[in-house]
*Asks:* 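Here it is, the structure, as structure tokens.
First the proteins, then the strands, lettered A, B, ... as listed; each starts at 1.
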There are 2 protein chains.
Amino acid sequence: MPRTKEDDARPVRGKAATINDIARLAGVSKKTVSRIINRSPLVRADTRDKVETLMREVGYVPDPMARGLAFRRSFLIGMIYDNPTAQYIVDIQYGALDALRDSGFELVVHPCDSRSPNYVDGVRRFVQQQKLHGVMLVPRVSEDQALADMLDDVGCRYARIAAVALDAPDRIVVTHDRDGAAEVADYLQSLGHREVAMITGPAAYRSAIERTHGFVGALQRRGIELPPSRLVEAGYTFESGVAAAEKLLGAKKRPTAIFCGNDEMAAGVYRVALRTGIQIPKQLSVVGYDDSPLASRLWPPLTSVRRDTRDTGRMAAAMLLQTDGAPRPLSSVRPHLVIRDSCQPPA
Amino acid sequence: MPRTKEDDARPVRGKAATINDIARLAGVSKKTVSRIINRSPLVRADTRDKVETLMREVGYVPDPMARGLAFRRSFLIGMIYDNPTAQYIVDIQYGALDALRDSGFELVVHPCDSRSPNYVDGVRRFVQQQKLHGVMLVPRVSEDQALADMLDDVGCRYARIAAVALDAPDRIVVTHDRDGAAEVADYLQSLGHREVAMITGPAAYRSAIERTHGFVGALQRRGIELPPSRLVEAGYTFESGVAAAEKLLGAKKRPTAIFCGNDEMAAGVYRVALRTGIQIPKQLSVVGYDDSPLASRLWPPLTSVRRDTRDTGRMAAAMLLQTDGAPRPLSSVRPHLVIRDSCQPPA
DNA sequence: CTGAAAGCGCTTACAG
DNA sequence: CTGAAAGCGCTTACAG
């Protein structure tokens with residue numbers, strides 16, 4: 001193997017350079033190198049330049065475990081989540097990794113079961129053992145105040161992702177689900193629908209509550225009342241969507257439009273409509289929420305509310321990296337309706 | 001807050017116990033505690049019992065950063081992947097976490113772009129900076145020999161997931177895609193189909209090659225020849241599936257059955273069939289591969305090859321934890337056909 | 001089977 | 001603005 005210049009610059013062949021190598025080669029103390037690593041302003045500009053150039057030449061990168069041990073805090077960001085859809089998990093991860101790129105931080109995934117009585121303890125052990133720098137809390141665990149309180153207790157910073165601002169601006173990314181659902185109501189009303197229904201997610205989810213309130217409220221403002229029989233709670237799953245659709249479409253007076261709390265449940269409505277010969281959108285308009293890949297795989301392609309999940313993940317991770325404590329504006333991401341072919345004016 | 005017994009057992013209030021605390025409390029040297037942490041046999045049974053009991057009482061867990069620094073190797077497993085579907089990524093992650101639970105290891109995710117010319121360098125930096133204990137290689141990066149060679153070079157153990165045994169048994173989980181595809185061929189033949197077509201994944205993917213060979217070979221064995229015009233290469237995406245289906249279904253003599261290299265492309269066939277008024281399964285049988293959630297959301301529900309992705313991830317991670325070097329049988333996972341409603345005998 | 005010393009690669013606390 | 005000493009919580013190498 002030919003030796004390159006870079007190889008020769010390496011202080012000890014075959015072993016990565018350490019802070020001591022850099023200090024020796026630069027003719028400064030390791031403490032000065034440490035200051036540069038940690039972006040301390042207390043270093044003369046020319047000293048900084050000299051050392052930084054050397055670090056680049058040698059390909060020096062500080063050891064995260066050594067730094068972590070000394071700091072008593074790792075360079076790991078945890079992602080805590082319960083059971084969202086695969087696409088949502090992956091999008092949040094991609095977004096988080098966007099923010100973490102070249103930061104020296106890495107993303108550690110930690111799914112958990114929030115129905116288990118001691119899941120908060122499980123998260124605490126994870127956080128403490130790994131001395132995590134911070135954690136991202138994804139719905140629905142992000143809505144659990146007991147979890148947030150525990151993290152405060154053990155001094156672990158966190159970033160929550162939630163439908164509303166249920167925490168301080170430096171600890172939350174707000175997704176404004178209410179607005180997304182309101183846009184759906186406006187759209188359906190503009191098409192002329194008055195016999196409208198909604199299949200909601202579980203009332204235990206804040207997102208479900210917000211989407212329901214947003215939808216019902218916007219309808220009311222436009223003079224449309226949603227009777228309780230037209231509001232069916234389901235479980236955010238395909239199967240629960242099927243069951244809810246059977247209830248709504250089996251009624252003596254069918255709605256002309258159904259808004260579903262997510263795309264999975266909308267797929268359930270499609271299933272029932274196909275089975276019972278109800279044509280979408282001719283006889284029934286359907287709207288989903290998430291704008292998942294599924295929305296464009298269905299036929300007709302499903303009109304759905306898009307949420308910029310990757311941006312959401314990016315913001316949450318970025319929040320954990322910002323340690324200067326400077327006040328920051330509320331991080332929020334706006335949903336918006338993506339109109340496809342699943343709606344038309346009622347017959 | 002009431003003080004519990006456990007609180008009082010903590011050597012220093014508010015700070016986690018260290019190996020020194022355990023050694024002092026147990027009346028042994030820290031080296032003995034270290035031996036117990038590392039499951040060394042060179043400890044008397046009663047010493048071991050005494051110390052282990054104490055560790056449990058105190059809630060002592062060794063600091064992974066301190067251990068990692070001393071070992072020059074972290075307790076992190078990396079998961080390297082390019083661009084599979086979200087469900088696949090998440091299933092592999094869940095499986096890996098099953099294997100890692102209570103092991104003291106954590107999972108760090110690292111997507112990359114294998115089309116980028118220096119992605120191998122990117123992975124090397126990741127692996128070396130974090131001193132990873134090992135990495136899981138997911139298709140398609142798992143098929144890249146240059147990547148595996150680099151990992152060997154830098155002394156990082158790895159576990160590849162691939163359609164065939166392209167590495168030693170202690171470094172690979174084989175998914176036998178050929179067998180899954182052959183089962184599809186047998187099934188379609190048993191229904192009486194002879195005018196069969198296949199939409200394959202990209203020829204650069206080993207999974208695509210194996211599924212194609214498995215399908216074509218099994219058909220041949222049953223006396224069915226697949227002309228080149230009936231073998232259309234696509235890109236494992238919905239859109240490419242649509243384009244391939246248009247080609248196949250626009251031909252003067254249509255096939256009576258189409259096998260797709262994955263469910264996404266099968267959804268593309270559904271789309272074209274719906275648009276052109278071809279009824280599934282009456283006029284056209286369709287089979288997918290993956291058995292993703294999408295398969296059961298489509299109408300009619302899609303017959304598809306299931307692969308036990310979570311098991312696959314579990315095996316790959318378990319492989320990285322086994323460090324005794326004992327010889328092990330080849331890890332492999334068998335695909336099998338899940339029959340739904342998208343096929344019937346040809347008209 | 002057990003232990004005292006040195007070291008892993010960094011940072012903190014203090015001094016200048 | 002810079003540095004020498006001590007320490008973070010473990011393990012290795014050696015000795016007994």
*Asks:* Please give, in whole Å, the distance from D:dG7 C1' to A:Arg72 CZ?
*Replies:* 8 Å

*Asks:* Can you tell me if the side-chain N/O atoms of A:Ser34 get under 4.0 Å from OP1 or OP2 in C:dT11?
*Replies:* yes

*Asks:* Looking at C:dC10, C:dG9, C:dT12, which one has an atom nearest to any side-chain atom of A:Leu69?
*Replies:* C:dG9

*Asks:* Could you tell me the separation between the CG atom of A:Asp21 and the P atom of C:dG9, rounded to a whole number of Å?
*Replies:* 9 Å

*Asks:* Write down the distance between CZ (A:Phe71) and P (C:dC10), rounded to a whole number of angstrom.
*Replies:* 11 Å

*Asks:* How is A:Tyr60 classified with respect to the nucleic acid when contacts are heavy atoms under 4.0 Å: base, sugar-phosphate, or nothing?
*Replies:* sugar-phosphate

*Asks:* Please state how far atom CE in A:Met65 lies from atom P in D:dG7, giving the value in whole angstrom units.
*Replies:* 23 Å

*Asks:* Does a side-chain N or O from B:Asn20 land closer than 4.0 Å to OP1 or OP2 of D:dC10, or not?
*Replies:* no

*Asks:* Which whole-number value in Å describes the distance from B:Gln130 CD to C:dG9 C1'?
*Replies:* 14 Å

*Asks:* Just the rounded figure in Å: distance from P of D:dC8 to CD1 of B:Ile19.
*Replies:* 13 Å

*Asks:* May I have the distance from A:Asp63 (atom CG) to D:dC10 (atom P), rounded to whole angstrom?
*Replies:* 16 Å

*Asks:* Would a 4.5 Å heavy-atom cut-off, applied to side chains only, mark A:Tyr60 and A:Val51 as touching?
*Replies:* no

*Asks:* Using the 3.5 Å cut-off, write out each protein N or O paired with an N or O of nucleotides 1-5 of chain D and the distance between them.
*Replies:*
{"residue": "D:dT2", "atom": "OP1", "partner": "A:Thr47", "partner atom": "OG1", "Å": "2.7"}
{"residue": "D:dT2", "atom": "OP2", "partner": "A:Arg44", "partner atom": "N", "Å": "3.0"}
{"residue": "D:dT2", "atom": "O4", "partner": "A:Arg35", "partner atom": "NH2", "Å": "3.2"}
{"residue": "D:dG3", "atom": "OP2", "partner": "A:Ser29", "partner atom": "N", "Å": "3.0"}
{"residue": "D:dG3", "atom": "OP2", "partner": "A:Ser29", "partner atom": "OG", "Å": "3.1"}
{"residue": "D:dG3", "atom": "OP2", "partner": "A:Thr32", "partner atom": "OG1", "Å": "2.6"}
{"residue": "D:dG3", "atom": "N7", "partner": "A:Arg35", "partner atom": "NH1", "Å": "3.4"}
{"residue": "D:dG3", "atom": "O6", "partner": "A:Arg35", "partner atom": "NH2", "Å": "2.8"}

*Asks:* State the dot-bracket string of DNA chain D. Criteria: Watson-Crick or G-U wobble, both atom distances under 3.5 angstrom; notation: ( ) intrastrand, [ ] crossing earlier pairs, | interstrand, . unpaired.
*Replies:* |||.||||||||.|||

*Asks:* Between A:Arg67 (CZ) and D:dG7 (C1'), how many Å, whole number?
*Replies:* 17 Å

